[in-house]
Structure formats: C-alpha cells, structure tokens
Protein chains: 4
Amino acid sequence: MTKSTTSSTKRILVIKAAAKVFSRQGFHQARVEDIALAAGVGKGTIYEYFDSKHRLFEEVVQESLKFYSGQTDAVNLKKFSLHDQIHHLFYMHLKFSIDYHDISKVALGDYTLGSEEIHQWMREMRREKVIRVKEMLERAKETGEVDQSLDSDLAATLLWGMLGVLCSQVMWSDETHDIDQIAEKVAHITMRGLGLVPGT
Amino acid sequence: MTKSTTSSTKRILVIKAAAKVFSRQGFHQARVEDIALAAGVGKGTIYEYFDSKHRLFEEVVQESLKFYSGQTDAVNLKKFSLHDQIHHLFYMHLKFSIDYHDISKVALGDYTLGSEEIHQWMREMRREKVIRVKEMLERAKETGEVDQSLDSDLAATLLWGMLGVLCSQVMWSDETHDIDQIAEKVAHITMRGLGLVPGT
Amino acid sequence: MTKSTTSSTKRILVIKAAAKVFSRQGFHQARVEDIALAAGVGKGTIYEYFDSKHRLFEEVVQESLKFYSGQTDAVNLKKFSLHDQIHHLFYMHLKFSIDYHDISKVALGDYTLGSEEIHQWMREMRREKVIRVKEMLERAKETGEVDQSLDSDLAATLLWGMLGVLCSQVMWSDETHDIDQIAEKVAHITMRGLGLVPGT
Amino acid sequence: MTKSTTSSTKRILVIKAAAKVFSRQGFHQARVEDIALAAGVGKGTIYEYFDSKHRLFEEVVQESLKFYSGQTDAVNLKKFSLHDQIHHLFYMHLKFSIDYHDISKVALGDYTLGSEEIHQWMREMRREKVIRVKEMLERAKETGEVDQSLDSDLAATLLWGMLGVLCSQVMWSDETHDIDQIAEKVAHITMRGLGLVPGT
DNA sequence: GATGAATGAGCTTTCATTCAT
DNA sequence: TATGAATGAAAGCTCATTCAT
C-alpha cells in the first residue's frame, strides 16, 4: 500500500531526485537504485511512496507539468499589446527552461513510453497551452492587431513549435543566452514576418 | 564478426523492419526478437549484420536521416521567391512525414537514449538542416526580399521549430491534411507576420 | 532482546492473531504486517516478543500443539471398553477440529518448511499421540478385547491416519457433521472390520 | 511465449529436477536457480519452457499426479477377494512411495499455497481415488463379502487415511520396510477389525 | 514499551547475446 | 550462412527486520 498523498518531505525529496535522474537518463536507463541514491534514501523507501517505477515516473511528469503550468501561466497580460504578450510568452518559457532545467526536460520531453494515461496528460497540457495562445491571438483579432483572416489555430501551433525549439536549444546548450533579447527578436519576427514590407 | 557495410538484401530487410518496430515501440520496448520476426529472419541473423541492438538502432537512425535528407533536400529552388521556397520546404517535409511515417518518427524522434554518438549525428543533421534554411534566408537578404537586420540564425531555428510541430502533428493525428494548403498558410504567415501591417 | 517467556497479555494476543493468519495463509504467504494488523499492534511490537517471524511461527505451533494435547488428552477412559475409547478418541479430535479450527490447522498441518527443530516437535508430538493409542491397544490386549497377535504399533498408526483424514475433512468442508455418529461408525468399523464375519 | 507442450527432453529434465527440489524444499524455499542448477541448465532456460515459477510448480504437481494415478491405477483386481484387493491397494501405494519418493511427496503433499486451480486438481484426484476405493467396497457388498449396512463412503475415506499415514511414514523413515508384510497386516486388520471376534 | 518509516538482501523475471548445429 | 535454444547479467520489487522517536 502506498502512503497517503500528503506531501511528506520524503515524498518530495524522491520526486525531485527522480526528476533529475529521469531527465538525464530517460525512463528506461534510470535505475530505481540510482534514484534512491540521488535522493539519499534506500531503494525500498521509494516503494513506500510509489507503487512502481512507472507510477513514480508518472507522478514526476504530472508534478512537473503542474509546476510548469503554474510558473508559465502566472502572468495575465491581456491589456498589453500582442507584441508584448508574445515577448513575454517566450521570455517566461525560456526563463523557466533555464531555471528549472530538469523539470523542463521532463515536462517538455517527448515520452514515447508510459501509460496511455500519461500521454493523455501531455497532450491535454499541450492542447491547453496552445489554446491559451490561440485565445491570445483571437483577442488580438478583436482589437484589430491581427487580420481577421488569420488561421489562429495554425498560428498558435506554429508559435508553440518555435517555443519548443528555443527552449530545448537553451536547455541543451552550454552557452548563456540573453533571453530577453531573444524574446524581443522573436516577437519582432513573429509580428512583422520575414518579408520586407515595402515602405517600412 | 560484422559484415562489410555493403548493402546486402538481408541487411536492408532488417533495417527496414527495425525502423518500423523502433518507430512504434521505441528503442527499449522493441525486442530484438520482434525485429527478427518483422524482418522474417532468425534472431541470430541480425547479429550477423549488426554488432548489437544499439548498433542496429544507430544504423537505422543514420539510414533514416540519410534517406530523409535525400528526400527533403532533393529540390533546389534557389531561383524561386522566398515565399515559394518556404512553401516548398514545408510541403516537402509534411509530405515526407506522411509518406514515410516510420522513418520520420525515427529521424525526428527525440532520442534521450543512445550513445553520445547518435546524439551527435542528430544534432549535426539538425544543424545542417537549419544551416540550409539559414542560407536560404541569407540569399533572400541579398535579393532584398528580407531585411538585412534579420537574425537569420534565429529565424532559421524558428522555421525549424515550426516544421517540427507540424510534422509531428501530421504524423500523430488520424485526420488527413491538405498539406499544400497548410504550406501555403505557413508561408504567408511566415512572410507577413501576425501583425496587421497598415496599408495592406 | 526478547521478553521472558512469561505470558504477557500482548504476547498471547500476538500468538492468537498469528495462529489465525498462519492457518489461513500459510507461513510464507503470511506477512508480519498482517499479523500485527490482526493483533492490533504495531509491526515492531511483534519483535519485542519474538526474535523473528520464524520463531513466532514455532511458538505458535508449539502453543497450538500444547493446547491441542491438553484438550484431546483431557479425559482418561481406561476403564471403558475399547469400542468406547475409540469412539471417544475420534469424537474428541473431531470436536477439537471444529471448535478450534485455526489451531487445528496449525497443529495438524504438514509443515514442509521450518527449522528441523519444529519438525522434531511435530514428529515427537505425533509419536507421543500414536504411543498413547498404542498403549490403549496394549491394555485392550491384556483385557482380552484384542488378539495378542495384533501389531499394535501398526494399528495405532492406522488409527492415527483415520483420525487425520476425518479431521481435515471436517475442517475443510462447509457442511455440519454429526460427529457423534461418525465416531460411532468409525468405532464400529474399527472394531469389527470390513469383513462379514460369519455368524454375526 | 512458452514452447509447445511437445515433450522435449529439456522440458522433462526440468520437470524432474523441479520435482526433486520442490519435494525437498517446498515451493517457497525452492529458488528457481536451485532448480536450474539441479537440472543442469541455465536459469533462463526454465523460462523458455514455463511461464513462471508458479506455473512450473503446477505442471510438476499435475505431472506427478498423472504419473501417480497411472502407476497406482494400473491393475484391475475386480475378480480377487476384498482382502486381496486391499492388500494390493496398500502394496501398490507403498511401493510407489518408495520407488518414486520425490514425485510421491509432490503428489501427496498438502499444498496450502498455489492457485485455486491446483487445489482443484488435488481435491479431484483425491475424490477420484476415494471413489475408486468406495466402488471396490460397493462391489464387495454385492458379493456378500461386506455387510450391506456399511457406510462405504466413510470406510473408503478411512482407508485413504490409512494409506496416507503409511505412505508418508515409509517416505520419511530411513529404515527399509517389508511392504508386502505391511500390506498383509493392514488387509487383515481392515478385514477383521481390532475386536476379538468370539469363535474365530 | 510501542511504533512504523526506512532499509537492503534476496528473489523472480526479462532479454540481448552467443554458439552449436 | 542462418538459426533459435540456451544463457546469465541486470533490474524491479517484496518484506523481514531495525531503530529513532
């Protein structure tokens, strides 16, 4: 029997260690013993709090997603210009990717494995995120910042894709990045496009 | 002892079967026996051609990347407008994702596992691809289609990100997509940006 | 350190709970935690009174055997006829099997496991029991109720065997049994044999 | 996937080794590795032929029961006197217990563990055996060798109980037994009973 | 004394790899 | 060359036992 969901210190300790190990080694490579070691507890202790390695993984992902959402949803910028909103969107995500490297890898990872359940969460989370972006664009249509004819669904997906590459690039590279500058550039490119608009 | 790299019929047979199995089950879930079964050969035969499961996986990825590059690089469109080049870029990749579903999943997959070596290839391949896109943008700068101030590195990366989401979306969804229309819309958005440019 | 053999209340509590659990699940299936739960004490408490699960089991068996012997030896019927003594022997054991189901299963169980020590007890206990029956038969020889040529050792063993099947049958079946009638029939068959004696 | 039921040499080898180990150590004490060692094969080989330790155990029991039944049912003695039939019944079983010590222990063992399925088999097998004995008695009633009033069900059970103790006694003791003599004595006691019939 | 969270030895089981045929 | 039966290292998981509270 697993202990109650009450957030005991040990439980959190294990989740954090697991996030680190899973993000580095992936699910299959990570040995339960590695996680125990990283958490500074015995192998058996993990099974006091989680039914199985699989379940632990799912909890780590879920927890990461929750934290991720909490962090990146935080600010509501409805009153700002679309340009600023996009800037902020990228800035926030890039910052998160840097600050919470491990969690980020787990939350954004492309987990082929895992119960259908976990896939469900990730798809849902992504959809939710994309929908949030889409709503942002819809609002911009209303204010006239964006053309009515824009396929906001597609555009939101594209923004999400850009967000993805940049985050993973930032996560994996060793260099330090000026994420504010990157966010600004992205916002600019996104708003104006690549094409040279005559008379600008 | 492993056979020479010479492409024997059996060898190719195994690689193809492996691509299918790996793309469906992922590296760890895929059992060598599954691959042997899918290839219609004995388990031992695989080891005649590949040193280990790991090596086989690497060869599959390498082969997939090669084939992928071959297919998506195929056309040279230097003389076309940037808009058309982008259109074509997306069209080609989307078409490839649909036509070669299995290979696509292997080639674009986010393989956390695997030797550093394989990661190397994938990063290299990606960089190469991104560079190709970057060059495309650089040429457009020269022709005046794009502003000199554009950070073509960043822009190329963003394009690559958009390419990624769309391909995976197309790969995983069950619906049929009008990829020509998608490509067109993407090209439009990419060129003009989201912002409503006054006087258009 | 284990407590003195002094029968504390807790100690008895645990033994009783253990008897129940062991009789239902067998030694290996029974978890120490199950027993603790059944006894309404903490897991650690059991180790205050018993050195190990094994020792606890041994004590349970020993205690059960003691109780069993106490109950079934109780009456001394030397002055009765052999027929009546046999009747009583079976009646007593059958009654015990029904009344003390759990203890019975432990006391009569065929424990393949366990220290040689415990096997020793069980064999000794059995031998003792068989000897008691043998003595009964020997006395019957003296009174002329039984032929001098009878192999009383063998006969006692056979009676013990009959006792065994009947008890286990009564223990495991759900029906209610008229054990007095059974005892009577057994006594009859045992005394007269199966063969139809001419002139009876 | 387990290999076909075809009686391959290895399969039988493992079953025999398992019978030996299980009969000595019991199910839980026996380690799969012990069995592999006893069979002179690798640990993994066992899993080529059996899905699990549990399944192996069940097959061993089933096989033992089958063999046991085959051996002890062999002779049909309907035309002999009841005395001779009983003699033979005991002789056969005792001989089997001695000749096939291991199998005997598995076939007659009191397995508390194991799937309900295996319990089913054992109960069925026992019932079948008892019924066979009962039929023997019923036939004897018809020929007038036995009193019509005999509770043949009970008597058969009692015989089965006697058979049990004797077999286990023979199995566990180190002495050599004159089983023909034992069988003769048992037949005598069984037929005539313990009671001294006046005028015999 | 009493507890139950923590532990790790020990077990079952999987599956990549070998090798006799 | 091709095979698949045989193998054993490696990993997940259980649970008797300990010990800080």
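Everything numeric here is computed off the predicted structure, so don't read it as measured data. In what follows, every heavy atom counts, from backbone to side chain, and hydrogens, waters and symmetry copies are set aside. All chains are named by letter (A, B, ...) in the order of the sequence lines, taking the proteins before the strands, and each is independently numbered beginning at 1.
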Looking only at side-chain N and O atoms, does D:Tyr49 come under 4.0 Å of OP1 or OP2 in F:dA6? yes

Nearest-nucleotide wise, let me know which of A:Gly44 and A:Lys53 is further upstream toward the 5' end of DNA chain F. A:Lys53

Which is true for A:Ala36 with a 4.0 Å heavy-atom rule: it touches a base, it touches only sugar-phosphate, or it touches nothing? nothing

At what distance, to the nearest 0.5 angstrom, does CG of D:Asp34 lie from CD of D:Gln29? 10.0 Å

Taking only the side-chain nitrogens and oxygens of B:Ser52, find out if one of them lies under 4.0 Å from OP1 or OP2 of E:dA16. no

Side-chain heavy-atom pair A:Met125, A:Ser69 within 4.5 angstrom cut-off: yes

Side-chain heavy atoms of B:Arg31 within contact of B:Val21, under 4.5 Å: no

Between A:Arg11 and A:Glu59, does at least one N-O distance fall below 4.0 Å, as a salt bridge requires? yes

Min side-chain heavy-atom separation A:Tyr49-A:Ile15 under 4.5 Å: no

Between CD1 of C:Ile46 and P of E:dA2 the distance, given in whole Å, is 12 Å

Integer-rounded Å distance: E:dT12 P and D:Phe57 CZ: 14 Å

Starting from P on F:dC15, measure out to CG on C:Leu56 and report it in whole angstrom. 17 Å

Proximal nucleotide (of F:dT17, F:dT1, E:dT3) relative to the C:Val32 side chain: F:dT17

Which residue lies more 5' along DNA chain E, comparing C:Gly42 with D:Ala30 via nearest heavy atoms: C:Gly42

May I ask you to verify whether the side chain of A:Lys43 and the base of E:dG10 hold a donor-acceptor pair under 3.5 Å? yes

Taking for each residue the nucleotide of DNA chain F with the nearest heavy atom, is it D:Gly40 or C:Glu33 whose nucleotide lies nearer the 5' end? D:Gly40

For C:Ile35 and F:dT17, give me the distance from atom CD1 to atom P, rounded to whole Å. 11 Å

Tell me, do A:Ile103 and A:Glu63 make a side-chain contact under 4.5 Å, heavy atoms counted? no

For F:dA6, does either OP1 or OP2 sit under 4.0 Å from a side-chain N or O belonging to D:Lys10? yes

Classify the nucleic acid contact of A:Ala39 as base, sugar-phosphate or nothing, counting any heavy atom under 4.0 Å across all strands shown. nothing

What is the distance from CZ of B:Arg31 to P of E:dT17, rounded to the nearest Å? 14 Å

Kindly confirm or rule out a cation-pi arrangement of D:Lys53 over D:Phe22, judged by NZ or CZ under 6.0 Å from the six-membered ring centre and within 45° of its axis? no

Please report the distance, rounded to the nearest Å, between CG in B:Asp34 and P in F:dG4. 15 Å

Please round to the nearest 0.5 Å and tell me the distance separating atom NZ of B:Lys43 and atom CG of B:Leu37. 10.5 Å

Rounded off to whole Å, could you give me the CD-to-P distance for the A:Gln25 and F:dA11 pair? 11 Å

In whole angstrom, give the distance that lies between atom CD of B:Gln29 and atom P of E:dT14. 13 Å

Watson-Crick or G-U pairs under 3.5 Å in DNA chain E, rendered as dot-bracket with [ ] for crossing pairs and | for another strand: .||||||||||||||||||||

Looking only at side-chain N and O atoms, does D:Tyr47 come under 4.0 Å of OP1 or OP2 in E:dC15? no

